[in-house]
**Q** 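Quick one: the structure is below, and I'll ask about it shortly.
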Number of protein chains: 2
Amino acid sequence: MYICVMYSSELIKGTLKTIVLNLLKDNDKMYGYEITQKVKELTDSKIQITEGALYPTLHALEKQGDVTVEKVYIGKRVRKYYILTDQGVTTVADRVNELSDFMKTMRFLLDLDSSVQNV
Amino acid sequence: MYICVMYSSELIKGTLKTIVLNLLKDNDKMYGYEITQKVKELTDSKIQITEGALYPTLHALEKQGDVTVEKVYIGKRVRKYYILTDQGVTTVADRVNELSDFMKTMRFLLDLDSSVQNV
DNA sequence: ATTAATACCTAAGAAATTTAGGTATTAATT
DNA sequence: AATTAATACCTAAATTTCTTAGGTATTAAT
């Protein structure tokens, strides 16, 4: 047993779209619930996407043309698979580059690179 | 002449307090306007803290006991120097560690370390 | 004399997320 | 067999954080 320490919610803000888009880049198609579980698994529960944040985000990505939806019925339960569009592929690259650059700037600003303990 | 490309505002959200606290850690005392200029200078204008965001943040930090204020009059113009408290020193360390850890997680999640072009 | 820079501030609005619900199916447990 | 947990979708009010757009006033530069 261990105590799970999530990141404070402010930090995660602003990165949700990038996380979702990047997962779709690597996985061809994913559905909402799957995304929440995958992020939880990959981050050892340190980032947990809430459904109240995810679903509006997915709908926004669809509206702006970065993803398309494919409905699949598993028995009577519906699943909505999200798939990157060509535009979405470009958007992911832009977003990831920007976040990468931003993190580099933050590392410099907080003087993290000179620190010995980059654990 | 060059075109300045700021980061999209979503990214900067959630890091403002950490940036301010960390600057105070390195500079003993700073005033608001000085902070905006220092961040602009250090980030080559890629991060520009607006005063509408900064002043409420400084007031919040004061309220929660992480900084104290020292008024100084330069002629007739007032300057409010902000200084880290002992509690503030602890808060900075916590915040910076958390952000550092978060960025490491994001690098893993976005698969940035395997990329060749870590420019 | 006028503009730019310095230096503080607030308040309405926007954006993103949390919180707190809701519905329904399927699998696991008691 | 009945209850709980997990799967799978959703929305809407409230909260947080920031942007935008003001405001005041002093000092330096044009």
Side-chain angles (χ1 to χ4, degrees), chain A residues 6-21 23 29-41 45-64 66-67 69-82 95 98-99 102, chain B residues 6-21 23 29-41 45-64 66-67 69-82 95 98-99 102:
Chain A
M6 277 190 66
Y7 299 121
S8 63
S9 59
E10 308 105 280
L11 284 184
I12 304 172
K13 288 187 182 185
T15 57
L16 181 55
K17 268 187 184 169
T18 308
I19 291 172
V20 170
L21 287 169
L23 273 181
K29 62 178 185 176
M30 293 183 90
Y31 54 98
Y33 187 77
E34 186 184 13
I35 292 173
T36 65
Q37 299 308 302
K38 193 72 181 174
V39 170
K40 190 179 172 184
E41 177 201 327
S45 296
K46 284 184 285 190
I47 298 178
Q48 291 182 47
I49 298 179
T50 60
E51 300 190 341
L54 179 65
Y55 289 114
T57 296
L58 286 171
H59 301 158
L61 287 174
E62 187 188 359
K63 198 173 178 184
Q64 70 193 38
D66 286 325
V67 299
V69 186
E70 192 183 277
K71 277 192 189 182
V72 175
Y73 283 87
I74 309 294
K76 288 173 186 172
R77 188 190 289 163
V78 73
R79 252 188 213 167
K80 289 188 171 180
Y81 279 102
Y82 288 88
R95 289 255 182 188
E98 191 190 19
L99 182 52
F102 174 70
Chain B
M6 279 190 64
Y7 300 121
S8 62
S9 59
E10 309 103 280
L11 283 184
I12 302 172
K13 286 189 182 183
T15 57
L16 181 54
K17 269 188 184 172
T18 307
I19 291 172
V20 170
L21 287 169
L23 273 181
K29 63 178 187 178
M30 292 183 90
Y31 54 99
Y33 186 77
E34 187 184 13
I35 293 173
T36 65
Q37 299 307 304
K38 193 72 182 176
V39 171
K40 189 179 173 185
E41 176 201 327
S45 295
K46 284 184 284 190
I47 298 179
Q48 291 183 45
I49 298 179
T50 60
E51 300 190 341
L54 180 65
Y55 289 113
T57 296
L58 287 171
H59 300 160
L61 288 174
E62 188 188 357
K63 197 174 177 183
Q64 70 193 40
D66 285 325
V67 300
V69 186
E70 194 183 276
K71 277 192 187 181
V72 173
Y73 283 86
I74 309 295
K76 287 173 186 172
R77 187 190 289 163
V78 72
R79 252 187 211 168
K80 290 189 172 180
Y81 279 102
Y82 289 88
R95 288 255 182 189
E98 191 190 18
L99 181 53
F102 174 70

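A quick note: this is a predicted structure, and the numbers were derived from the prediction, not measured. In the text below, chain A, chain B and the rest are named by the order of the sequence lines, each starting its count at 1.
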**Q** Quick one: is D/dC10 close enough that its OP1 or OP2 comes under 4.0 Å of any side-chain N or O from A/K80?
**A**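 Yes, such a contact exists.
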**Q** Stepwise, does the side chain to side chain contact (heavy atoms under 4.5 Å, CB included) test hold for B/F102 with A/K46?
**A** CA-CA 9 Å; B/F102 174 70; A/K46 284 184 285 190; over 6 Å; no
**Q** Tell me what B/E51 touches on the nucleic acid: a base, only sugar-phosphate, or nothing, going by heavy atoms under 4.0 Å.
**A** base
**Q** Paired with D/dT27 by Watson-Crick or G-U wobble geometry, both distances under 3.5 Å: which nucleotide is it?
**A**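 Check on D/dT27: paired to C/dA4, both distances under 3.5 Å.
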**Q** Select base, sugar-phosphate, or nothing to describe what B/G75 touches, counting heavy atoms under 4.0 Å on all strands.
**A** sugar-phosphate
**Q** Ignoring backbone atoms, test whether A/K17 places a side-chain nitrogen or oxygen under 4.0 Å from the OP1 or OP2 oxygen of C/dA16.
**A**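 Answer is no, no contact under 4.0 Å.
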**Q** Which sits closer to the 5' end of DNA chain C, A/I74 or A/G52, going by the nucleotide each is nearest to?
**A**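 Its nearest nucleotide lies further toward 5', so the answer is A/G52.
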**Q** If I take atom CD in residue A/E70 and atom C1' in nucleotide D/dC9, what distance separates them, rounded to the nearest angstrom?
**A**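 Value for this atom pair: 17 Å.
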**Q** What is the distance, to the nearest angstrom, from the NZ atom on B/K38 to the C1' atom on C/dA7?
**A**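 About 18 Å, once rounded to whole Å.
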**Q** Taking only N and O in the side chain of B/H59, is any of them less than 4.0 Å away from OP1 or OP2 of C/dC9?
**A**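 Indeed, a polar side-chain atom of B/H59 lies that close.
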**Q** Quickly work out the B/I49 CD1 to D/dT17 C1' distance and round it to whole Å.
**A** 14 Å
**Q** Given C/dA7, is OP1 or OP2 found less than 4.0 Å from the side-chain N or O atoms of B/Y31?
**A**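 Looking at the OP1 and OP2 atoms of C/dA7, one of them is under 4.0 Å from a side-chain N or O of B/Y31.
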**Q** With side chains defined as the heavy atoms from C-beta onward, is the minimum distance between A/V69 and A/Y82 less than 4.5 Å?
**A** yes
**Q** Has B/Y55 got a side-chain N or O lying under 4.0 Å from the OP1 or OP2 atom of C/dC9?
**A**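 For C/dC9, OP1/OP2 do not have a side-chain N/O of B/Y55 under 4.0 Å.
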**Q** Between B/Y82 and A/L54, who's closer to the 5' end of DNA chain C by nearest nucleotide?
**A**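 Whichever sits nearer the 5' end wins; that is B/Y82.
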**Q** Which base, if any, makes a Watson-Crick or G-U wobble pair with C/dT19, both distances under 3.5 Å?
**A** D/dA12
**Q** Please tell me if B/R77 has a side-chain N or O lying less than 4.0 Å from either OP1 or OP2 of D/dA25.
**A**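 For D/dA25, neither OP1 nor OP2 has a side-chain N or O of B/R77 closer than 4.0 Å.
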**Q** Please check if the number of heavy atoms outside A/K17 that lie under 6.0 Å from its NZ is greater than 12.
**A** yes
